[in-house]
Number of protein chains: 2
Amino acid sequence: MEAYERIKKSIIEGDYAPGTRLTEENLAKELQISRTPIREAIKRLETERLISPLKRGVIVSEFNREDIWQIYNLRALLEGYAAAEAAVNRSAEDIEAMERCNEQFKDLLENPTYGRTEMLNEITELNNQFHSAVYNASHNEHLRFHITSVTVLPLVFRSFYWYNEYQLKKSLELHQTILCAIQANEPDRAKTAMQEHIYQGRDHVLKNINNES
Amino acid sequence: MEAYERIKKSIIEGDYAPGTRLTEENLAKELQISRTPIREAIKRLETERLISPLKRGVIVSEFNREDIWQIYNLRALLEGYAAAEAAVNRSAEDIEAMERCNEQFKDLLENPTYGRTEMLNEITELNNQFHSAVYNASHNEHLRFHITSVTVLPLVFRSFYWYNEYQLKKSLELHQTILCAIQANEPDRAKTAMQEHIYQGRDHVLKNINNES
DNA sequence: AGTTGATTTATTGTATACAAAGTGCTACGA
DNA sequence: TCGTAGCACTTTGTATACAATAAATCAACT
């Protein structure tokens with residue numbers, strides 16, 4: 001794994017908390033490589049806005065409630081559009097991919113064999129996979145780019161860790177609604193269901209996050 | 001001006017045509033600096049998708065009709081949303097900034113003192129300024145980021161160079177409609193007017209561009 | 001002639017030394 | 001005690017040498 005991916009992973013997994021100062025030299029020492037690839041990784045993470053310039057150097061980006069509001073609303077706009085486009089452009093394989101995600105999601109909810117943390121990691125992964133399957137089904141590379149770009153940021157909130165069983169079930173249901181609408185070539189229904197799903201996520205994060213960030 | 005800006009400018013102004021191969025060493029020689037800042041600029045332009053990796057190295061990105069379609073539709077989605085948000089969040093200064101752009105635009109159309117090329121450069125600049133004024137008025141940093149990101153790409157088409165006097169007048173009128181709607185706190189009207197404006201730009205580019213790219 | 005393998009060449013990847021510049025600290029003066 | 005100027009230190013910016021590797025060329029064999 002290259003430097004960029006390693007640092008990104010550390011940020012998303014919370015090893016480098018928001019506000020943490022990152023210097024090239026420290027990272028170089030930590031990852032046991034020279035400053036050159038570190039520089040590259042930092043520049044890239046900066047354009048993705050996972051880190052922000054501060055004085056001489058950078059810090060892991062911090063997001064306040066206003067940021068969360070704006071980011072989730074943008075997600076709703078873009079992923080809602082993607083769902084609508086998917087309802088028009090989806091292939092049979094796209095449908096299958098989405099079905100697989102939802103089936104695994106369902107299995108996991110019905111047979112909670114792991115510990116809670118492992119299960120929520122799995123859920124997070126499956127949720128991401130479903131969303132990917134939807135925007136991939138839109139067959140729109142530019143749209144895909146913007147969605148992935150706006151979606152990395154909420155990852156740092158690790159929102160699924162606050163979900164209870166009822167909320168997870170509600171998520172699955174909306175996934176299924178979205179899938180049905182896409183399968184039935186109903187762009188507008190797909191869009192509204194997706195937006196509803198994301199707005200629920202937004203409100204959930206806003207309700208649970210510490211008031212200041 | 002740093003390396004990144006110089007290369008970006010060269011791409012947007014067409015000095016490096018789409019498909020042109022760019023190598024670190026050539027750029028370093030051309031800009032009279034070492035490869036290090038060139039590397040950085042290339043990486044950044046790559047994440048902005050102005051250049052694309054190809055074999056060992058990169059080329060200036062090429063866009064086909066499908067790309068143009070997708071990019072302009074995304075612009076309509078994002079800038080339409082920005083216009084609606086601006087209608088809710090705009091301050092008095094935001095309104096003034098938009099008014100200034102449109103007044104200058106109008107002056108320019110009524111008093112075409114320059115040569116055609118200089119005038120169209122000026123028009124392009126004023127058009128960009130108006131659009132910036134609108135999304136700045138939305139007071140949404142994340143939205144701003146995505147709009148600027150999706151908007152750099154159409155710049156390489158230099159679409160205004162194909163506009164005739166009537167079309168420029170129509171552009172100005174829509175700008176004024178957008179401004180009125182934002183001033184009157186009519187988010188939906190602002191959105192539809194902005195979308196209409198961008199769709200007209202899209203169709204204009206698609207009509208005039210060489211069929212293959 | 002076409003295909004495969006080895007050799008050469010072009011180009012990027014990495015490390016490191018040094019230059020430049022911003023930050024903060026300390027000491028001095030008001 | 002507060003402010004400020006100068007200095008030291010931390011950190012990034014740049015250049016350059018060398019390593020790694022992908023691509024292209026060419027030759028040999030089928």
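Computed from a predicted structure; not experimentally measured. Lettering of chains follows the sequences in order, A, B, ..., and the numbering in each one begins at 1.
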Open item on the list: Between A:Arg90 (side chain only) and A:Gln183 (backbone N and O only), is there a donor and an acceptor less than 3.5 Å apart?
Closed with: yes

- [ ] For nucleotides 10-18 of chain C, just jot down a letter per nucleotide in 5' to 3' order: B, S or -, based on protein non-hydrogen atoms under 4.0 Å.
- [x] -BBBBBB--

Open item on the list: Against A:His146, only a single residue in A:Asn140, A:Leu78, A:Thr151 fulfils side-chain contact (heavy atoms from CB on, under 4.5 Å); can you say which?
Closed with: A:Leu78

Open item on the list: With each end axis built from five pairs of C1' atoms, what bend angle do you get for the helix from C:dA1-D:dT30 to C:dA30-D:dT1? Round to 10°.
Closed with: 20°

TODO: Report yes or no: is the cationic atom of A:Arg44 (NZ for Lys, CZ for Arg) closer than 6.0 Å to the six-membered ring centre of A:Tyr4, at no more than 45° off its axis?
DONE: yes

- [ ] Determine whether the side chains of B:Thr124 and B:Asn127 contain a donor N or O and an acceptor N or O closer than 3.5 Å.
- [x] no

Open item on the list: Quick one, A:Ile33 and A:Ile38 - any side-chain contact, counting heavy atoms below 4.5 Å?
Closed with: yes

Open item on the list: Under the rule for salt bridge (Lys or Arg N to Asp or Glu O under 4.0 Å), what residues qualify as partners of B:Glu93, not counting sequence neighbours?
Closed with: none

Open item on the list: Rounded to whole Å, how long is the line connecting atom NZ of A:Lys55 with atom P of D:dT12?
Closed with: 13 Å

Open item on the list: Just the rounded figure in Å: distance from C1' of D:dT10 to CG of A:Leu54.
Closed with: 15 Å

Atom pairs, protein N/O to nucleotides 4-9 of chain D N/O, distance under 3.5 Å:
none

Task: CD (B:Glu25) with more than 12 external heavy atoms under 6.0 Å - done: no

- [ ] For A:Glu24, enumerate each residue passing the salt bridge (Lys or Arg N to Asp or Glu O under 4.0 Å) test, keeping only those at least two apart in sequence or located in another chain.
- [x] A:Arg35, A:Arg39

Task: Side chains of A:Asn73 and B:His142 in contact at under 4.5 Å (non-hydrogen atoms) - done: no

Task: Contacts of type side chain to side chain donor-acceptor pair (under 3.5 Å), residue B:Glu125, not counting sequence neighbours - done: B:Gln129

